[in-house]
J.: 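Below you'll find the structure I mean.
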Amino acid sequence: MMTDASQPPAINSTSVLDWYDRHARTLAWRVSPEARRQGVRPDPYRVWLSEVMLQQTTIGAATRYYLRFLELWPSVEALAAAPREAVLVEWAGLGYYARARNLHACAQVVVDEHQGVFPDNAAALMKLPGIGAYTSAAIAAICHDEPVAVLDGNVERVLARYLALETPVRDAKPLLRRELQRAVPARAGDFAQAMMDLGATICAPRTALCTLCPLQPDCCAAAQSEPTAYPVRPAKAERPVRYGHAYVICDRDGDVYLRTRPDTGLLAAMTEVPTSEWLPEPTGPGYPIEADWHPSGRVVHVFTHFRLELEVWRTVLDDRSQLTDGWWSDPRDARSEALPSLFRKVLAQALD
DNA sequence: AAACCGGGGAT
DNA sequence: ATCCCAGGTTT
């Protein structure tokens, strides 16, 4: 427990780096500590691409997308030259689709205004679309060893435990940033990655393997009975369920009707099957659909997803020309559409 | 400062 | 079912 009378314990970055030299994870975008010692420098494009994909996303989910993007677009110039639609198609399933739009916009800014070279410092990086406090610091530290505090969810947890922080992280970020900044060594990039690896493998959300941790000697939480009691979390506000319809419209050949969502809001600019406005409550199969393309529709499924409840209505249409805003597609070719997971599941259920 | 934005994996 | 994740943007 921190008191006013005692300074928080300093973070022993030497211990952390020693641990990292022995236990660094192997990741597709990472240059190992050994290779860095031999002079290998990370490619800012790859680091940026990985960091954006890893925003609120686990390594397991992001890695195959990272490898696919690198295969399709091995340089920032290649990505900038790609149609936005192609980027959205490849991003489909990864979530938080504003990231994909910002990724593409950022690539174009780097090419058009920075001669294809990412800025080499955190302050300049943060001006780019989709790059905030965390990502700018991570790129600058990892690629250029800029001595900046790289504070992500993992590191927040490590520090909240190290300091036995009694307030929610949200209210103590400046303190955490100061304490972390105070510890940043010359090997800033390895230190940043080391702290994140610690949070991922030793000081995990539900498990704390304190006997293996290089910070254990000075850790306030390790000295207590339950280190995993930190970080303390504020009571989260619960949000109401939203209701709507999804209309799976097929023609006689089995093609389904798809269209593009608006450029803002939920799943912006992505592909969808037609959906209704938000409804105050479920309507059930008797609900009158005021649309001449819906002659024989029926509810085939109720789909629940992320505080969203969609009644899936299926209908077969003889005359394609009744629908003109979108296009018809073979659902077996869903890979080539910018379809979020939600609509992939809706289609799979409705066509099962 | 708080709300919004998706999805998957672990428990 | 609930929590959490290599957060950023908008209001």
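Chain letters run A, B, ... following the sequence lines, proteins first and then strands; every chain starts at 1. All values reported here derive from a predicted model rather than from experimental measurement.
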J.: Which nucleotide wins on minimum distance to the side chain of A/S341, given the candidates B/dG8, C/dC5, C/dG7?
T.: B/dG8

J.: Does NZ or CZ of A/R46 come closer than 6.0 Å to the centre of the six-membered ring of A/W29, within 45° of the ring's axis?
T.: no

J.: Just call it for A/A268: base, sugar-phosphate, or nothing, with non-hydrogen atoms closer than 4.0 Å on any strand.
T.: nothing

J.: Base, sugar-phosphate or nothing for A/G199? Non-hydrogen atoms, less than 4.0 Å.
T.: nothing

J.: What nucleotide, of C/dA6, B/dG7, C/dG8, holds the atom closest to the side chain of A/Q55?
T.: C/dG8

J.: Keeping the roles fixed (side chain from A/S296, backbone from A/T315), state whether a donor-acceptor pair exists under 3.5 Å.
T.: no

J.: For the side chain of A/P205, counting heavy atoms from C-beta on, which of C/dG7, C/dA6, C/dC4 is nearest?
T.: C/dC4

J.: Could you check how far CG of A/L103 sits from C1' of C/dG8, rounded to whole Å?
T.: 13 Å

J.: Are OP1 or OP2 of C/dC5 and a side-chain N or O of A/R157 less than 4.0 angstrom apart?
T.: yes

J.: Taking side chain as C-beta onward, heavy atoms only, is A/M196 less than 4.5 Å from A/Y20?
T.: no

J.: Can you tell me, in whole Å, how much space there is between the P of B/dC5 and that of C/dA6?
T.: 23 Å

J.: Tell me whether A/R242 contacts the main-chain N or O of A/E309 through its side chain, where contact means a donor paired with an acceptor under 3.5 Å.
T.: no

J.: Check the distance between C/dC5's P and A/L94's CG and give it to me in whole angstrom.
T.: 17 Å

J.: Remember a base hit wins even if backbone is also touched, and classify A/R242 as base, sugar-phosphate or nothing at under 4.0 Å, heavy atoms.
T.: sugar-phosphate

J.: Roughly how many Å is it from CE in A/M53 to P in B/dC5, rounded to a whole number?
T.: 22 Å

J.: Need one value for A/R25: base, sugar-phosphate or nothing, where a base atom within 4.0 Å counts as base even if backbone is also close, heavy atoms only.
T.: base

J.: Starting at the 5' end of DNA chain C and moving along, which residue's nearest nucleotide shows up first, A/Y96 or A/R233?
T.: A/R233

J.: Check every atom of B/dG7, C/dA6, B/dG8 against the side chain of A/K345 and return the nucleotide holding the closest atom.
T.: B/dG8

J.: How are the rings of A/H23 and A/W19 set to each other: parallel, tilted or perpendicular (split at 30° and 60°)?
T.: tilted

J.: Base, sugar-phosphate or nothing for A/W91? Non-hydrogen atoms, less than 4.0 Å.
T.: nothing

J.: For A/E156 and C/dC4, give me the distance from atom CD to atom C1', rounded to whole Å.
T.: 12 Å

J.: Would you measure the distance from the P atom in C/dT11 across to the matching atom in B/dG6 and give it in whole Å?
T.: 15 Å

J.: In whole angstroms, how far is the P atom of C/dC4 from the CZ atom of A/F306?
T.: 14 Å

J.: Quick one: A/I139 CD1 to C/dA6 P, roughly how many Å, whole number?
T.: 17 Å

J.: Which part of the nucleic acid does A/R30 contact within heavy-atom distance under 4.0 Å: base, sugar-phosphate only, or nothing?
T.: base

J.: Over all strands shown, is A/L27 touching base, sugar-phosphate only, or nothing at heavy-atom distances under 4.0 angstrom?
T.: base

J.: Closer than 3.5 angstrom, by distance alone: can the side chain of A/H294 be matched with the main-chain N or O of A/I249 as a donor-acceptor pair?
T.: no

J.: Nearest-Å distance, CZ (A/R206) to P (C/dC3)?
T.: 8 Å

J.: Have a look at A/G153 and say if it touches a base, only the backbone sugar-phosphate, or nothing, with a 4.0 Å heavy-atom cut-off.
T.: sugar-phosphate

J.: Could you state the NE2-P distance from A/H104 to C/dG8, rounded to the nearest angstrom?
T.: 21 Å

J.: Hey, which sits more toward the 5' end of DNA chain B by its nearest nucleotide, A/L339 or A/D171?
T.: A/D171

J.: Are A/R37 and A/D190 ion-paired here, with the side-chain N under 4.0 Å from a carboxylate O?
T.: no

J.: What nucleic acid atoms does A/T135 come within less than 4.0 Å of, heavy atoms only: base, sugar-phosphate, or nothing?
T.: sugar-phosphate

J.: Nearest to the side chain of A/R170 - B/dA2, C/dA6, B/dG6?
T.: B/dA2

J.: Please compare A/I59 and A/I131 by the position of their nearest nucleotide in DNA chain C and report the one closer to 5'.
T.: A/I59

J.: Please state whether the phosphate of B/dG7, meaning OP1 or OP2, lies under 4.0 angstrom from any side-chain nitrogen or oxygen of A/H305.
T.: yes

